*Asks:* 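One structure, pasted below without further comment.
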Amino acid sequence: MTVLVTGGAGYIGSHLVLALLDRGETPVVLDNLSTGFAWAVPAGVPLVTGDMGDADLVARTIADHGIREIVHFAAKIVVPDSVADPLGYYLNNTSKSRTLIETAIRGGVDRMIFSSTAAVYGDVSGDPVDETAPTAPVSPYGRSKLMTEWMLADAGVAHGLRSVALRYFNVAGADPAGRSGQSMQAATHLIKVAAQAVLGQRPKLDVFGTDYPTRDGSCLRDYIHVSDLADAHLAALDHLRGGGGSLTLNCGYGQGTSVLEVIEVMKRVSGVDFPVAISPRRPGDPAAIVAKADRIRSELGWSPKRDDLDGIVRSALAWERHLLTAKAA
Ligand SMILES: NC(=O)c1ccc[n+]([C@@H]2O[C@H](COP(=O)([O-])OP(=O)(O)OC[C@H]3O[C@@H](n4cnc5c(N)ncnc54)[C@H](O)[C@@H]3O)[C@@H](O)[C@H]2O)c1
Ligand SMILES: O=c1ccn([C@@H]2O[C@H](COP(=O)(O)OP(=O)(O)O[C@H]3O[C@H](CO)[C@@H](O)[C@H](O)[C@H]3O)[C@@H](O)[C@H]2O)c(=O)[nH]1
């Protein structure tokens, strides 16, 4: 069975492509390479370079490869950018997802896994949130994703498309075998930025706010290893292939870690005391967001294998070193 992976040249999508190959499946990637890399798509995996908003291209790809299921990662993903450019985010993440969903249904696709986000919940009190918590995103990014969840739910009722919306919490780390990682140099994610600070690629790390109502004043997030997340997608595919119904599932470990704690782990693991500056809050950031992640275990039988922040940080750092060596070569 061939699986179409939109955004498969990106960070998380490339890890799913590896996980699919590891279990003998046949992925096809559709990616416009806006933030992804052709080299991140393993040799032998077809890469269709183009936009998910291009209905003709999507229809052709579905027909050419006999696609019945799509894992949909393609999106713009930077929360503060979405505050500055909301319409760009609604176009790429919402409107183009609408085109993708419509074209998929017309082409006979009946299963879809969607990369949703913890950002759909908004500013929660800090207690772990389960999937029944009210959705009240505080950024255009979160809203652009929530609207896609709604479209999938409505299309499911009207057209029989079954889907699993996976609400990722903070994804970090890299493939344990060193085959992929987060590669965008201008990335804004905390663990990536901290790894770059270790290697001297950034002069310092800014902590965006230490005046939040949290245990040390910095924001709390629930960091999940990207390979555990890839496994959750495999489990979600298996669920739908087995005839299972649509689901919305949190993907996290249920453990909140503060920005300052992440920095402490990065310094300890690397042995490098990089400079840290306390800076103002960043727009669109909720104070604390931690998953209650029981449903994914009971519905999919998924459980994490790499629930260890030291290990996540170590793998992110190893990938950053790899990128640096590759650049120098
Ligand atoms: N990284 C996280 O912590 C995180 C957390 C929650 C949810 N997510 C979601 O996971 C998904 C993947 O994120 P990522 O971290 O791998 O980001 P990424 O930027 O590395 O990957 C996104 C990929 O989508 C491609 N793309 C974007 N718009 C496209 C379009 N219109 N047509 C075709 N390709 C397009 C990009 O080129 C890129 O390869 C996104 O949907 C994101 O919202 C990520
Ligand atoms: O240089 C930095 C980078 C980040 N942070 C802070 O670190 C925390 C985590 O930030 P980041 O790694 O950028 O992730 P989030 O903004 O939490 O967003 C990520 O996690 C969300 C789910 O929680 C996803 O929806 C988004 O796609 C993904 O970018 C936030 O409090 C940031 O303010 C800093 O203090 N300094």
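If you're wondering where the values come from, they're calculated on a predicted model, not measured in any experiment. Ligands are counted one by one from 1 in listed order, and the atoms in each one are counted from 1 as well.
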*Asks:* Drop me the distance from Q196's CD to R202's CZ, to the nearest 0.5 angstrom.
*Replies:* 4.0 Å
*Asks:* Please state whether the rings of Y168 and H233 are parallel, tilted or perpendicular, taking 30° and 60° as the class boundaries.
*Replies:*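 Perpendicular, since the angle between the ring planes exceeds 60°.
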*Asks:* Looking only at distances, please establish whether an N/O atom of ligand 1 is found under 3.5 Å from an N/O atom of N92.
*Replies:* yes
*Asks:* Of the backbone atoms (N, CA, C, O) and the side-chain heavy atoms from C-beta on, which set of D222 has a member under 4.0 Å from an atom of ligand 2: side chain, backbone, both, or neither?
*Replies:* neither
*Asks:* Starting from atom 27 (O) of ligand 2, which protein heavy atom do you reach first, and at what distance in Å?
*Replies:*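 That would be Y141 OH, 2.9 Å.
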*Asks:* Would A74 count as a polar contact of ligand 1, with the cut-off being nitrogen or oxygen pairs under 3.5 Å?
*Replies:*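 N/O-N/O distance below 3.5 Å does not exist for this pair.
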*Asks:* Between the side chain of H225 and the main-chain N/O of D308, is any donor-acceptor distance below 3.5 Å?
*Replies:*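 Looks like no, no N/O pair under 3.5 Å.
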*Asks:* Would you indicate which of V79, L30, N32, V29 comes nearest to atom 26 (N) of ligand 1 when only heavy atoms are counted?
*Replies:* N32
*Asks:* Would you say S218's side chain and S258's backbone share a donor-acceptor pair under 3.5 angstrom?
*Replies:*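 Not a single qualifying donor-acceptor pair exists.
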*Asks:* For atom 8 (N) of ligand 1, find the nearest protein heavy atom and state the residue, atom name and distance (0.1 Å precision).
*Replies:*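 Going atom by atom, the protein heavy atom closest to atom 8 (N) of ligand 1 ends up being Y168 CD1, 3.4 Å.
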*Asks:* Among protein heavy atoms, which lies nearest atom 3 (C) of ligand 2, and at what distance?
*Replies:* T188 O, 3.3 Å
*Asks:* If you measure every N/O of Y168 against every N/O of ligand 2, is any gap under 3.5 Å?
*Replies:*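 N/O-N/O distance under 3.5 Å: no.
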*Asks:* Would N170 count as a polar contact of ligand 1, with the cut-off being nitrogen or oxygen pairs under 3.5 Å?
*Replies:* no
*Asks:* Name the closest protein heavy atom to atom 38 (C) of ligand 1, giving the residue it belongs to and the distance to 0.1 Å.
*Replies:*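 Answer, as residue, atom name and distance: T35 OG1, 3.2 Å.
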*Asks:* Ignoring hydrogens and geometry, is there a side-chain-to-backbone donor-acceptor pair from T94 to S144 under 3.5 Å?
*Replies:*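 At least one qualifying donor-acceptor pair exists.
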*Asks:* Identify the closest protein heavy atom to atom 32 (N) of ligand 1: which residue and atom is it, and at what distance?
*Replies:* M52 N, 3.0 Å
*Asks:* When you compare ligand 1 with Y11, is there at least one nitrogen or oxygen pair between them that comes in under 3.5 angstrom?
*Replies:*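 Yes, there is a polar N/O contact under 3.5 Å.
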*Asks:* Could you check whether any side-chain N or O of D54 sits under 3.5 Å from a backbone N or O of D56, counting only pairs where one atom can act as donor and the other as acceptor?
*Replies:* yes
*Asks:* Do the side chains of L161 and L30 join up, straight or via other hydrophobic residues, at under 4.5 Å, putting them in one cluster?
*Replies:* yes
*Asks:* In terms of atom number and element, which parts of ligand 1 are under 4.0 angstrom from non-hydrogen atoms of S116?
*Replies:*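 That gives atoms 6 (C), 7 (C) of ligand 1.
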*Asks:* Check this for me, if you would: do K76 and D81 make a salt bridge, where the nitrogen-to-carboxylate-oxygen distance has to be below 4.0 angstrom?
*Replies:* no
*Asks:* If every non-hydrogen atom of N93 is compared with every non-hydrogen atom of T148, which pair is closest and at what distance?
*Replies:*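 Reported closest heavy-atom pair: O-OG1, 3.2 Å.
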*Asks:* Mark yes or no for whether S14, through its side chain, and Y11, through its backbone, hold a donor-acceptor pair below 3.5 Å.
*Replies:*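 Between the backbone of Y11 and the side chain of S14 there is a qualifying donor-acceptor contact (under 3.5 Å).
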*Asks:* Among L152, V5, L100, I101, find the residue that satisfies the side-chain contact (heavy atoms from CB on, under 4.5 Å) test when tested with H72.
*Replies:*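 So, applying the side-chain contact (heavy atoms from CB on, under 4.5 Å) to H72 and each of L152, V5, L100, I101, only L100 qualifies.
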*Asks:* For atom 33 (O) of ligand 2, find the nearest protein heavy atom and state the residue, atom name and distance (0.1 Å precision).
*Replies:*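 Minimum-distance protein heavy atom for atom 33 (O) of ligand 2 reads D285 OD2, 2.6 Å.
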*Asks:* Would you find a donor on one side and an acceptor on the other, under 3.5 Å apart, between the side chain of R162 and the backbone of L240?
*Replies:*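 Yes, because the side chain of R162 sits within donor-acceptor range (under 3.5 Å) of the backbone of L240.
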*Asks:* Does G50 come within less than 4.0 angstrom of ligand 1, counting non-hydrogen atoms of the residue?
*Replies:* yes
*Asks:* Between K292 and N250, is there a donor-acceptor pair closer than 3.5 Å when you use the side chain of the first and the backbone of the second?
*Replies:* no
*Asks:* Under 3.5 Å, N or O to N or O, is Y223 touching ligand 2 that way?
*Replies:* no
*Asks:* Give the numbers and elements of all ligand 2 atoms closer than 4.0 Å to a heavy atom of C219.
*Replies:* 31 (O)
*Asks:* Using heavy atoms and a threshold below 4.0 Å, how should the contact between I77 and ligand 1 be classified: side chain, backbone, both, or neither?
*Replies:*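 The answer is the side chain.
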*Asks:* Which one holds for F37 and ligand 1: side chain close, backbone close, both close, or neither close, with close meaning a heavy atom under 4.0 Å?
*Replies:*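 It is neither part, as no heavy atom is under 4.0 Å.
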*Asks:* Who's closest to atom 25 (C) of ligand 1 heavy-atom-wise, of D31, L190, L57?
*Replies:* D31
*Asks:* Just distances here: any N/O of F208 and N/O of ligand 2 closer than 3.5 Å?
*Replies:*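 N/O-N/O distance under 3.5 Å: yes.
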*Asks:* Which of the atoms in ligand 2, numbered in the order shown and given with their element, are less than 4.0 Å from a heavy-atom of I77?
*Replies:*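 Those qualifying, in numeric order: 27 (O), 29 (O).
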*Asks:* Measuring from non-hydrogen atoms of Q182 to any atom of ligand 1, is the shortest distance under 4.0 Å?
*Replies:*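 Distance cut 4.0 Å: Q182 fails for ligand 1.
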*Asks:* With only distance considered, is D51 within less than 3.5 Å of ligand 1 through an N or O on each side?
*Replies:* yes
*Asks:* Could you identify the single nearest non-hydrogen protein atom to atom 24 (C) of ligand 2 and state the distance to 0.1 Å?
*Replies:*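 I find the closest protein heavy atom is T117 OG1, 3.4 Å.
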*Asks:* Looking only at heavy atoms, what is the nearest atom pair of P137 and R143, with distance?
*Replies:* O-NH1, 2.8 Å
*Asks:* Just go through A75, S115, G36 and tell me whose heavy atom is the nearest to atom 22 (C) of ligand 1.
*Replies:* A75
*Asks:* Is there a side-chain contact between R306 and D231 in this structure, where contact means two heavy atoms from C-beta onward sitting under 4.5 Å apart?
*Replies:* yes
*Asks:* Does only the side chain of L33 get under 4.0 Å from ligand 1, or the backbone, or both, or neither? Count heavy atoms.
*Replies:* backbone
*Asks:* Could you identify the single nearest non-hydrogen protein atom to atom 17 (O) of ligand 2 and state the distance to 0.1 Å?
*Replies:* R221 NE, 2.7 Å
*Asks:* In this structure, which one of R167, R297, R295 forms a side-chain contact (heavy atoms from CB on, under 4.5 Å) with L249?
*Replies:* R295
*Asks:* For atom 11 (C) of ligand 1, which protein heavy atom lies nearest, and how many Å away is it?
*Replies:*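 For atom 11 (C) of ligand 1, the nearest protein heavy atom is F73 O, 3.3 Å.
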*Asks:* Hey, could you give me the CD1/NZ distance between I77 and K145, rounded to the nearest 0.5 Å?
*Replies:*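 Here the interatomic distance stands at 9.0 Å.
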*Asks:* Which is closest to atom 44 (C) of ligand 1 in terms of heavy atoms, I12, T6, V226, N93?
*Replies:*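 The residue whose heavy atom sits nearest atom 44 (C) of ligand 1 is I12.
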*Asks:* Checking a contact table here: which protein heavy atom is nearest atom 1 (N) of ligand 1, and how many Å away?
*Replies:*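 Looking at atom 1 (N) of ligand 1, the protein heavy atom closest to it is H189 NE2, 3.6 Å.
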*Asks:* If we only count N/O pairs under 3.5 Å, is L190 in contact with ligand 2?
*Replies:* yes
*Asks:* Look at atom 7 (O) of ligand 2 and say which protein heavy atom is nearest, naming residue and atom and giving the distance to 0.1 Å.
*Replies:* V259 CG2, 3.5 Å
*Asks:* Using every non-hydrogen atom in the two residues, find where I296 and C251 come nearest and quote the distance to one decimal.
*Replies:*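 Residues I296 and C251, closest heavy atoms: CD1-SG, 3.9 Å.
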*Asks:* If you look at every heavy atom in D228 and P304, which pair is closest and at what distance?
*Replies:* OD2-CB, 3.4 Å
*Asks:* Might you point out which heavy atoms bring T188 and R282 nearest each other, and give the distance in Å?
*Replies:*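 Smallest interatomic distance, heavy atoms only, reads O-NH1, 3.9 Å.
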*Asks:* Which heavy atom of the protein is the closest neighbour of atom 23 (O) of ligand 2, given with residue, atom name and distance?
*Replies:* N170 OD1, 2.8 Å
*Asks:* To the nearest 0.1 Å, how far is atom 13 (O) of ligand 2 from its closest protein heavy atom, and which atom is that?
*Replies:* R282 NH2, 3.0 Å
*Asks:* Going by heavy atoms, is G53 under 4.0 Å from ligand 1?
*Replies:*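 Per 4.0 Å heavy-atom rule, G53 does not contact ligand 1.
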*Asks:* If you measure from atom 41 (O) of ligand 1 to every heavy atom of R221, M184, K145, K192, which option wins on shortest distance?
*Replies:* K145
*Asks:* Please name the pair of heavy atoms, one in G50 and one in L57, separated by the smallest distance, quoted to 0.1 Å.
*Replies:* CA-CD2, 3.6 Å
